[in-house]
Visitor: 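The structure under discussion is supplied below as structure tokens; questions concerning it will follow.
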Amino acid sequence: MMIKLWMGTSLQLAELFVSSVVHLLYGFYIFSSAVAGDISQTLSDYLFKPNVDINDVGETAQIQSNVEGLPPIVLVHGIFGFGKGRLGGLSYFGGAEKKDERVLVPDLGSLTSIYDRARELFYYLKGGRVDFGEEHSEACGHSRFGRDYGKGEYPEWDEDHPIHFVGHSAGAQVVRVLQQMLADKAFEGYEETNENWVLSVTSLSGAFNGTTRTYLDGMRTDDGISMKPICLLQLCRIGVIMYDWLDISWLKTYYNFGFDHFNISWKKTGVRGLLDCLMGNTGPFATGDWILPDLTIQGSTSLNSNLQTFPSTYYFSYATKRTRRIMGMTIPSGVLGIHPMLFLRVFQMSQWRFPQDVSPPYKGYRDEEWQENDGALNTISMTHPRLPVEHPSRFVRSDSECQTLQPGIWYYKIVEADHITFIVNRERAGVQFDLIYDSIFQRCRKHVFRKIPQTLPNQSPRSPR
């Protein structure tokens, strides 16, 4: 018995070590790539100063004038993500934002809760200082107000000037929470908001119903809120607390986890504050106001219980998977096509079984339905909101089936890809990268409109369909 227990513990520690090393190496690779890119760009600008052509200036002004009437397409990053201006010139969406004339890429908290990120997104667009709400801020132990976005990126945003949103991973759920907040008129001083401020929502590997990976990484299966004492997420927690407490300005300008409103910095809390955070007495990890509790099946179900699919908004979802069924078993669909950081998790998630001594996360839960995955999320979770109530949906095999869309229905397509195929490194996805994003932007510009389709640059107006 003792030998069996010792072997089990040894395997868990070995898996923890391997997972930690792989994630650290990938994080270092991303960070070093961003630094190298910045240095290369700086040297290039210094050695080869670009000549400004007066004709180019005029052409740029003409393009800017042509796109003024276009609704912006807002790309919302997922967990550990970043927006424009972070990590130098690195693009979370692999440069996809260059495919359209009017795209915004906000930088939201990479580990903050879905709620906090939705609040940030509103003020990023509309302008002003982020207000997290008095009741929420008091309950979660952080400052009520956050970053000041000044005039905002789209201050005219309203029902007559709606927006297209594209969310990757947890970013899709952020958009849904934001739309519900708009419908509930949850922003003080903005009583005119409603759900029609959102024209369309496109999800790319969206985290609608939670993921079993959260349990593999360390979230407890019995409540979906707290962490196991020894796990990958505990190491992440310690690293994030130290990063924010040290508060190295140039480093946080380069990358920020988004917990500034918790005032963890040594300048405000001192050594005692650090110890309180590490001991789990204060901070986001103590109150549960961070993103992982929102990504468990229990947390997502709770979040979804207050979210609607609205009848005037268009919804589309790309669900990804890197598994296949062979002789009744679910296994990874290959080796070369799966990112090294995700291969182990693809296998583990395909074999996941909810502990028998713990109540299942919802009535009717079946392990088999949650085995197909992309290394971060279960495919069943990405198609459309299902828990606690299934929302209207329609499975499509080809984008050509979506030429005429109906609002209020989640159209979804299943794509063979892992969770990070369509972000950061576009070369990994190859031609599939362009096919996905071209279809997303084309759908936003040509097939989704509420009144009269917008006029694209250098294009004459079309009559409504």
Side-chain angles (χ1 to χ4, degrees), residues 22-52 56 60 72-112 117 120-121 123-125 130 146-150 152-154 166-171 174 204 236 239-240 242-260 264-265 291 339-342 419-429 433-434 437:
V22 169
H23 284 80
L24 281 173
L25 287 175
Y26 183 69
F28 179 75
Y29 162 73
I30 293 294
F31 191 85
S32 59
S33 296
V35 172
D38 278 358
I39 294 174
S40 175
Q41 186 62 50
T42 301
L43 288 174
S44 178
D45 291 344
Y46 178 78
L47 296 174
F48 309 101
K49 295 181 179 179
N51 295 320
V52 179
D56 291 340
T60 300
I73 298 174
V74 180
L75 305 182
V76 185
H77 65 75
I79 186 172
F80 286 109
F82 52 93
K84 187 176 181 180
R86 298 287 186 187
L87 287 180
L90 198 63
S91 167
Y92 179 86
F93 287 92
E97 60 270 25
K98 298 176 182 178
K99 286 180 170 291
D100 190 86
E101 293 84 357
R102 199 171 194 189
V103 177
L104 300 173
V105 189
D107 179 68
L108 309 175
S110 65
L111 281 181
T112 51
R117 293 179 68 190
E120 282 187 276
L121 182 53
Y123 290 98
Y124 164 86
L125 293 164
V130 178
R147 179 177 174 182
D148 192 333
Y149 284 101
E153 295 295 327
Y154 193 54
V166 179
H168 174 256
S169 191
V174 170
L204 191 55
C236 172
V240 171
M242 292 303 302
Y243 188 93
D244 269 39
W245 185 80
L246 290 171
D247 195 17
I248 302 172
S249 58
W250 70 267
L251 202 56
K252 290 191 72 174
T253 299
Y254 216 61
Y255 185 82
N256 196 335
F257 292 106
F259 292 125
D260 291 344
I264 301 174
S265 170
I291 199 165
H339 194 280
M341 184 181 69
L342 298 175
H419 196 67
I420 58 176
T421 298
F422 301 111
I423 60 171
V424 184
N425 185 358
R426 65 185 299 164
E427 281 73 26
R428 278 195 69 231
F433 181 96
D434 294 307
Y437 283 106

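Heavy atoms only: backbone and side chains are in, while hydrogens, waters and symmetry mates are out. For clarity, every value in this text was computed on a predicted model and none was experimentally measured.
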Visitor: Is it the case that the side chain of Y243 and the backbone of L251 share a donor-acceptor pair, with hydrogens and angles ignored and the cut-off at 3.5 Å?
Guide: yes
Visitor: Nearest 0.5 Å, what's the CD1-CG distance between I264 and L246?
Guide: 11.5 Å
Visitor: Taking the side chain as everything from C-beta on, heavy atoms only, tell me whether K99 gets closer than 4.5 Å to D434.
Guide: yes
Visitor: With the side chain counted from C-beta on, respond yes when R117 and H77 share a heavy-atom pair under 4.5 Å apart, and no when they do not.
Guide: yes
Visitor: Centres of the H419 and H339 rings: under 6.0 Å?
Guide: no
Visitor: Restricting to non-hydrogen atoms, name the atom on F82 and the atom on L90 that form the minimum distance, rounded to 0.1 Å.
Guide: CE1-O, 3.5 Å
Visitor: Do the side chains of E153 and V74 get nearer than 4.5 Å, heavy atoms only?
Guide: no
Visitor: If you look at every heavy atom in F259 and L111, which pair is closest and at what distance?
Guide: CZ-O, 3.4 Å
Visitor: Donor-acceptor pair, distance only, cut-off 3.5 Å: does the side chain of S91 make one with the backbone of F93?
Guide: yes
Visitor: Quick check: closest heavy atoms across S110 and G81, and the distance to 0.1 Å?
Guide: CB-O, 3.3 Å
Visitor: What are the two closest non-hydrogen atoms of A170 and I79, and how far apart are they?
Guide: CB-N, 4.3 Å
Visitor: Look up atom CH2 in W250 and atom OH in Y255, then write down how far apart they are to the nearest 0.5 Å.
Guide: 15.0 Å
Visitor: Would you indicate whether the side-chain heavy atoms of Y26 and I420 approach each other to under 4.5 Å?
Guide: yes
Visitor: Rounded to the nearest 0.5 Å, what separates atom CG in D107 from atom OH in Y92?
Guide: 12.0 Å
Visitor: Give me the ring orientation class for F257 and F80: parallel if the planes are under 30° apart, tilted from 30 to 60°, perpendicular past 60°.
Guide: perpendicular
Visitor: Return the CG to OH distance between L125 and Y149, rounded to the nearest 0.5 Å.
Guide: 9.5 Å
Visitor: Say whether, by atom type as modelled, one donor and one acceptor occur between the side chain of R86 and the main chain of T253 under 3.5 angstrom.
Guide: yes
Visitor: Got L104 and I73 here, is their nearest side-chain heavy-atom distance under 4.5 Å?
Guide: no
Visitor: Might you point out which heavy atoms bring D260 and K252 nearest each other, and give the distance in Å?
Guide: OD1-NZ, 2.7 Å
Visitor: What closest approach, in Å, do F433 and G94 show between heavy atoms, and which atom pair accounts for it?
Guide: CZ-O, 3.6 Å
Visitor: Checking the side chain of E120 only, and the main-chain atoms of G109 only, is there a donor and an acceptor separated by less than 3.5 Å?
Guide: yes
